Number of protein chains: 2
Amino acid sequence: MGRKRKCQNELVAESDREFVLTSAARLFREQGFDHTSVKEISEACNMLPGSLYYRYPSKESLLVDLMRLALEQASTALLKAFQEVTDPAEQIRRAINAHLGLLVGGSDMVYVLLFEWRSLRGAERQEMIDLRDRYEALWDSKLRSLSELGLIRPDIDLSLLRLIGIGALNWTATWFRKDGYYSSEDIGDFVWRLIRDSIINQPLIIKDTNGLS
Amino acid sequence: MGRKRKCQNELVAESDREFVLTSAARLFREQGFDHTSVKEISEACNMLPGSLYYRYPSKESLLVDLMRLALEQASTALLKAFQEVTDPAEQIRRAINAHLGLLVGGSDMVYVLLFEWRSLRGAERQEMIDLRDRYEALWDSKLRSLSELGLIRPDIDLSLLRLIGIGALNWTATWFRKDGYYSSEDIGDFVWRLIRDSIINQPLIIKDTNGLS
DNA sequence: GTCTATACTCTGATAGAC
DNA sequence: GTCTATCAGAGTATAGAC
């Protein structure tokens with residue numbers, strides 16, 4: 001088997017993995033992990049249960065692999081938001097909207113990563129926690145650099161800010177409706193303004209004074 | 001059977017109900033609804049499965065009744081916070097801390113109300129949603145009255161404020177640890193300051209000017 | 001109101017042919 | 001790598017005695 005052929009197989013295997021995990025994620029989001037049977041998952045992948053057990057040794061291990069892919073998606077979207085612009089405030093605003101967009105509309109996997117942690121135990125639960133920590137560390141890193149630039153009020157606890165901010169975004173997924181009154185952007189910008197008005201370290205600017213202050 | 005006797009029975013029945021639901025709530029919080037068997041619940045109540053089915057026609061119906069009691073607890077705590085003081089800002093600060101305290105330390109039932117909604121379907125899911133809406137309506141009512149008093153910036157969307165604020169508090173329950181770095185009060189006051197600095201409609205006060213502004 | 005005993009279903013997982 | 005066939009176990013719920 002030549003090198004090129006091997007590479008092709010790896011690509012096929014990778015897209016196979018994504019197909020399985022994407023199908024499973026939709027079911028898990030709609031019905032919950034516990035209320036989705038292996039039979040349903042395999043049907044959604046056009047397989048039979050036995051074939052799934054060739055790929056994953058257990059239902060839980062499939063969930064863990066799904067969460068790994070979800071972390072990659074979330075991290076990629078976050079870093080993209082940071083890299084698109086140079087203005088720190090705009091970076092945060094875009095990151096908030098990227099997180100929220102992925103969660104409520106873009107990726108069932110990210111939703112599952114955030115809401116199905118209770119289905120895992122022991123070592124698998126710990127791996128899930130580690131995945132989330134790695135994602136939140138990206139936020140922490142950005143917040144620390146903004147703080148070092150003097151852009152955040154020094155009395156703000158950065159870890160609490162991250163926990164509360166991400167929490168506000170995450171909970172949105174429990175009530176958000178695609179056909180509801182608020183769009184993902186409405187919500188993201190609201191959160192952004194809430195945080196901005198409270199934490200940004202800058203000369204106070206009185207609204208509607210046309211810069212005459 | 002005399003009236004007094006009947007009244008006693010009702011009290012016993014009520015405390016029986018609370019005992020069953022409190023025991024179940026602890027299990028549901030620790031293991032999740034789906035990973036708690038009827039056998040475990042009945043054991044925690046010093047009963048056998050058959051006896052539980054005398055009280056509730058199904059496992060789900062027990063969960064719904066538990067959520068009804070949780071709503072009562074949360075509403076009572078919230079109204080108490082509103083009534084303890086007259087200063088509107090302090091009312092909100094206390095309400096935030098009451099919600100958070102109940103959620104992370106005071107009541108397993110409130111935790112279950114907020115995190116086990118995915119275990120219910122159809123009419124029972126809808127009843128759970130109605131319960132939550134009734135609780136959030138208490139917040140809405142208070143926020144509207146503050147707004148009418150001119151204490152909240154008129155450009156703030158009160159519904160979004162409620163959704164995002166409660167969301168930030170609720171998500172806390174996913175990472176809070178009793179022996180962790182932050183106390184419930186640390187977190188509640190942080191959220192309160194975040195909101196206060198962003199929404200309160202008042203003359204801007206420059207920090208550390210000793211009132212000379 | 002609680003107990004004993006059990007029916008019935010569903011599901012995660014396995015063995016082995018192809 | 002997928003299929004067929006099936007097992008073993010768990011879990012909800014019920015019937016009926018006490």
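Bear in mind the structure is a predicted one, so any value in this text is a computation, not a measurement. All values below come from the heavy atoms of this structure, side chains included, with hydrogens, waters and symmetry mates left out. In what follows, every chain begins at residue 1, and chains take the letters A, B, ... in the order their sequences are listed.
For B:R193, there are no side chain to side chain donor-acceptor pair (under 3.5 Å) partners two or more places apart in sequence or in a different chain. With sequence neighbours excluded, no residue satisfies salt bridge (Lys or Arg N to Asp or Glu O under 4.0 Å) with B:D157. For A:R29, the salt bridge (Lys or Arg N to Asp or Glu O under 4.0 Å) test picks out A:D108, with sequence neighbours left out.
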Extract all donor-acceptor atom pairs below 3.5 Å that involve side chains of residues 18-28 of chain B and protein atoms in other chains or at least two apart in sequence.
unit_1 : atom_1 : unit_2 : atom_2 : d
B:T22  : OG1    : B:E18  : O      : 2.6
B:S23  : OG     : B:F19  : O      : 2.7

Enumerate, atom names and distances included, each donor-acceptor pair closer than 3.5 Å involving a side-chain atom of residues 71-78 of chain B, sequence neighbours excluded.
unit_1 : atom_1 : unit_2 : atom_2 : d
B:Q73  : OE1    : B:S107 : OG     : 2.5
B:S75  : OG     : B:L71  : O      : 2.9
B:T76  : OG1    : B:E72  : O      : 2.7

task: Going 5' to 3' through nucleotides 1-15 of chain C, assign each nucleotide B (protein heavy atom under 4.0 Å from a base atom), S (under 4.0 Å only from sugar-phosphate atoms) or - (no protein heavy atom that close).
output: BBBB-------SBB-
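If you measure from atom OH of B:Y56 to atom P of D:dT12, you get 16 Å, rounded to the nearest angstrom.
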